[in-house]
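Since this is a predicted model, take the numbers as computed values, not measurements. Note that these values count all heavy atoms, side chains included, but never hydrogens, waters or copies made by symmetry. Chain A is the first sequence line, chain B the second, and so forth, proteins listed ahead of strands; every chain is numbered from 1.
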There are 2 protein chains.
Amino acid sequence: MRGSGHSVDSIVDAALSLLDEIGLPDLSMRRVAGALGVQPSALYWHVENKQTLLAALADRIVGEAAAGASVPDAARALRAALLAHRDGAEVVVSTAALGLGSGSLEGRLRDAYAAAGSADAARDATVLAQFLLGHCYLVQQRMQAAAIGAYDATPGEVAASTEADFEAGLAALTGAP
Amino acid sequence: MRGSGHSVDSIVDAALSLLDEIGLPDLSMRRVAGALGVQPSALYWHVENKQTLLAALADRIVGEAAAGASVPDAARALRAALLAHRDGAEVVVSTAALGLGSGSLEGRLRDAYAAAGSADAARDATVLAQFLLGHCYLVQQRMQAAAIGAYDATPGEVAASTEADFEAGLAALTGAP
DNA sequence: ACCTGAACACCGTTCAAGT
DNA sequence: ACCTGAACACCGTTCAAGT
């Protein structure tokens with residue numbers, strides 16, 4: 001902090017817009033450094049390694065989504081947050097076990113279930129998080145495949161049928177529409 | 001075929017046992033070549049690139065699991081197949097959109113739903129596949145984190161509580177125990 | 001037909017050294 | 001405190017050349 005060259009926040013900023021431009025497979029430490037006009041080694045002053053940078057990116061992607069909402073609305077808000085950035089689901093899911101990334105996401109759902117008086121908020125949240133992450137991951141994979149032309153539908157068609165898939169799963173897992 | 005040096009099957013064999021040994025992050029084309037006693041470039045005679053090798057690996061992991069079973073048994077068999085190999089879920093999920101990898105898995109579930117007289121077997125299969133893949137991916141991530149010690153449970157504890165999570169989600173998505 | 005050898009354009013990370 | 005420069009040990013992939 002305090003006007004110095006770069007903070008961890010500015011690195012996450014750069015990484016996030018680079019993610020939207022080029023996608024996760026091409027998101028290298030060297031590219032992030034390049035976007036900041038700095039040597040790759042400079043990043044390691046602010047960030048321990050690539051894994052922790054991705055975890056910070058995951059936290060930023062999840063953001064404040066779903067705070068204080070009902071279970072279905074929390075799930076919808078988290079879905080929207082993941083789908084808002086290219087490969088957002090893969091970033092979040094890949095750091096989910098670190099507690100860092102998605103203690104966040106699963107925790108958010110746990111709060112929603114607890115507020116709704118669930119008898120086992122922890123299990124309910126785990127199950128819904130697994131569906132939510134699997135859903136978003138596969139949706140984004142399919143959208144990318146559709147963009148490349150390797151899939152038999154346009155990105156628009158994928159987006160539409162995909163939301164109905166989500167609502168179907170959500171209704172089944174939460175017990176009602 | 002025909003007694004030549006290596007087939008694509010022998011490459012998948014080597015890749016699969018290497019996967020169990022070292023995990024997906026360390027599974028490089030160069031390591032696979034090394035395990036076969038061959039130069040890395042030799043692999044490209046049999047296989048187009050790493051992505052298609054991973055797709056073939058995914059097909060091998062899914063195998064014949066769940067053929068002709070009821071929906072819940074198909075789901076359980078597929079779960080067991082993914083969990084049987086280190087990072088199995090990540091391999092399968094990462095190639096799921098290619099039709100190559102998990103036209104397989106999702107198709108298997110679609111067949112089971114269709115045989116059970118589902119009104120929308122395609123959607124039901126998509127939703128269950130998303131849960132199944134998200135579940136297995138997160139379970140394996142958690143088991144690995146537990147093995148490293150970065151997680152607050154032993155691998156055994158993770159495996160146990162995890163199966164109950166799966167049955168809870170499965171019951172909700174299929175409508176009954 | 002199948003493989004080697006060498007090369008190309010990359011990686012993540014470390015660490016002395018500069019300022 | 002923060003960054004550069006150079007290095008280390010790797011990647012996936014291509015392609016001429018060998019057999």
Please work out which residues in residues 19-26 of chain B have a non-hydrogen atom less than 4.0 Å from an atom of DNA chain C and list them by number.
none
Identify the two heavy atoms, one from Leu173(B) and one from Gly169(A), that lie closest to each other, and give their separation to 0.1 Å.
CD2-O, 4.1 Å
P gap between dC10(D) and dA9(C), integer Å:
22 Å
Output every pair passing side-chain hydrogen bond (donor to acceptor under 3.5 Å, both in side chains) with a member in residues 25-39 of chain B, not counting sequence neighbours, ordered by first then second residue.
none
Using the side chain to side chain contact (heavy atoms under 4.5 Å, CB included) criterion, which residues pair with Met29(B)? Sequence neighbours excluded.
Leu43(B), Tyr44(B), Val47(B), Lys50(B), Leu53(B)
Please output the side-chain donor-acceptor pairs of residues 123-134 of chain A that fall under 3.5 Å, not counting sequence neighbours, one pair per line with the distance.
from: Arg123(A); atom 1: NE; to: Asp165(B); atom 2: OD1; distance (Å): 2.7
from: Arg123(A); atom 1: NH2; to: Ser161(B); atom 2: O; distance (Å): 3.2
from: Arg123(A); atom 1: NH2; to: Asp165(B); atom 2: OD1; distance (Å): 3.1
from: Asp124(A); atom 1: OD2; to: Ser118(A); atom 2: OG; distance (Å): 2.7
from: Thr126(A); atom 1: OG1; to: Glu106(A); atom 2: OE2; distance (Å): 2.6
from: Thr126(A); atom 1: OG1; to: Ala122(A); atom 2: O; distance (Å): 3.0
from: Gln130(A); atom 1: OE1; to: His135(B); atom 2: ND1; distance (Å): 2.9
from: Gln130(A); atom 1: NE2; to: His135(B); atom 2: ND1; distance (Å): 3.3

By side chain to side chain contact (heavy atoms under 4.5 Å, CB included), which residues pair with Ala56(B), not counting sequence neighbours?
Val12(B)
Could you state the atom-to-atom distance from CE of Met29(B) to C1' of dT13(D) in whole Å?
9 Å
Rounded to whole angstrom units, what separation is found between the CG atom of Leu43(A) and the C1' atom of dT4(D)?
13 Å
Leu27(B) CG to dC11(D) P: how many Å, rounded?
10 Å
My understanding is that only residues two or more places apart in sequence, or in another chain, count here; which of them pass side chain to side chain contact (heavy atoms under 4.5 Å, CB included) with Ala77(B)?
Ala65(B), Ala66(B)
Under 3.5 Å, N/O pairs linking protein and nucleotides 5-8 of chain D:
from: dG5(D); atom 1: O6; to: Ser41(A); atom 2: OG; distance (Å): 2.7

Who passes side-chain hydrogen bond (donor to acceptor under 3.5 Å, both in side chains) against Asp120(A), sequence neighbours left out?
none
Heavy-atom nearest nucleotide on DNA chain C for Arg31(A) versus Glu48(A): which residue maps closer to 5'?
Arg31(A)
Residues that Ala112(B) engages under side chain to side chain contact (heavy atoms under 4.5 Å, CB included), provided they are two or more places apart
Val71(B), Ala74(B)
What closest approach, in Å, do Ala75(B) and Phe166(B) show between heavy atoms, and which atom pair accounts for it?
O-CZ, 3.8 Å
Could you write out DNA chain C as a dot-bracket string, with dots for unpaired bases, | for bases paired across to another strand, and Watson-Crick or G-U pairs counted at under 3.5 Å?
||.|||||...|||||.||
For atom NZ of Lys50(B) and atom P of dC11(C), their distance in whole Å:
15 Å
I'd like to check the salt bridge (Lys or Arg N to Asp or Glu O under 4.0 Å) partners of Asp9(B); sequence neighbours left out, ordered by chain and number.
Arg60(B)
Who are the side-chain hydrogen bond (donor to acceptor under 3.5 Å, both in side chains) partners of Glu167(A), not counting sequence neighbours?
Arg76(A)
Is the shortest side-chain N/O distance from Trp45(B) to OP1 or OP2 of dC3(C) below 4.0 Å?
no
Distance check: side-chain N/O of His46(A) vs OP1/OP2 of dC3(D), anything under 4.0 Å?
yes
Out of dT13(C), dC3(C), dG12(D), minimum distance to the side chain of Tyr44(B) belongs to dG12(D)
